[in-house]
Amino acid sequence: MERNSMDSDSSIADALSRLSCVAVLDPKKMGGAPAWQCSWSKDGRLIASCHGAPDSCIRIWKHQENEEMSDADQGNQSNTAAPKWVLAATLSDVHTRTVRSVAFSPCGKTPVLASASFDGTVCIWEHFGDNTSSGEDPAQQAAGGWECTAQLGGHENEVKCVTWNDTGTLLATCGR
């Protein structure tokens, strides 16, 4: 059976008409660095964005339901029914150049994130909880319970993309 290109075009147009902006992440918390890519966590409650100079890092944004928001946040939000995304963690001091790609693993209860950088490395980040003590150094506090558990080498130059397979057991990377 041959597909009619008109049917395909109309279904694409129909799908596009239903898209809407979920949120605009706070540009004041971006540090002037462009975001190269974003990735959703499996449960949809986290977004990871990766950035380049002047502040090469990964930012983890967390979705907060209205009941999780403080009174100050609720008062500052024009539409309290809209979702609120807050900066939960800034992962830095591991990659030494622009972080070009991020990808959440599609499996597991604990979030795992892979990142690829122009420094030629791929990092695996695991989330061990939101608990931070006041005795930690500022970088550990900013990491919000995330820790780089592996740094993979092997690329001779920049790593431009990272992605997991459907089961989260394999990681593919590409570079220059």
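Distance check, rounded to the nearest 0.5 Å: OG of S105 to CG of N165 gives 8.5 Å. Residue W36 holds its CH2 atom at 10.5 Å from OG of S56, rounded to the nearest 0.5 Å. In this structure, OG on S92 lies 7.0 Å from CG on D55, to the nearest 0.5 angstrom. In this structure, SG on C123 lies 7.5 Å from CG on L152, to the nearest 0.5 angstrom.
The backbone N or O of T98 sits less than 3.5 Å from a side-chain atom of S117, completing a donor-acceptor pair. Looking only at distances, no side-chain donor or acceptor of T163 sits under 3.5 Å from a matching main-chain atom of A172.
For H127 against G144, the heavy-atom pair with the smallest separation is NE2-O, 3.3 Å. Residues E126 and T149 come closest through the heavy atom pair OE2-OG1, 3.0 Å. The shortest heavy-atom contact between S101 and V162 is OG-N, 3.1 Å. Between A143 and A89, the shortest heavy-atom distance links the atoms O-CB, 3.2 Å. The minimum heavy-atom distance between D119 and R97, with the atom names listed, is N-CB, 3.8 Å. Across every non-hydrogen atom of A103 and S39, the tightest pair is CA-OG, 3.6 Å.
Within the 4.5 Å cutoff, the side chain of R45 has heavy atoms near those of the K62 side chain. Using a 4.5 Å heavy-atom cutoff, the side chains of H95 and T121 are in contact. When side chains are defined from C-beta on, K42 does not count as touching P106, because their heavy atoms never get closer than 4.5 Å. Using a 4.5 Å cut-off on side-chain heavy atoms (C-beta onward), S41 and P111 make no contact.
V112 and L46 are members of different hydrophobic clusters when ILVMFWY side chains are connected at heavy-atom separations under 4.5 Å. There is no path of hydrophobic side-chain contacts, each under 4.5 Å, that joins F118 to V122. Under the 4.5 Å side-chain heavy-atom criterion for grouping Ile, Leu, Val, Met, Phe, Trp and Tyr, V102 is not connected to W164 through any hydrophobic cluster. Criterion: ILVMFWY side-chain heavy atoms under 4.5 Å apart, direct or through other members. Under it, W146 and V99 are part of a common hydrophobic cluster. No chain of hydrophobic side-chain contacts below 4.5 Å, direct or via other Ile, Leu, Val, Met, Phe, Trp or Tyr residues, connects F104 to L171.
Ring geometry for W85 versus W40: interplanar angle over 60°, hence perpendicular rather than tilted (30 to 60°).
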field: side chain to side chain contact (heavy atoms under 4.5 Å, CB included) evaluation trace for I60 with W125
entry: CA-CA 11 Å; I60 308 291; W125 303 85; over 6 Å; no

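Atom CG of N157 has more than 12 neighbouring heavy atoms from other residues, nucleotides or ligands inside a 6.0 Å radius.
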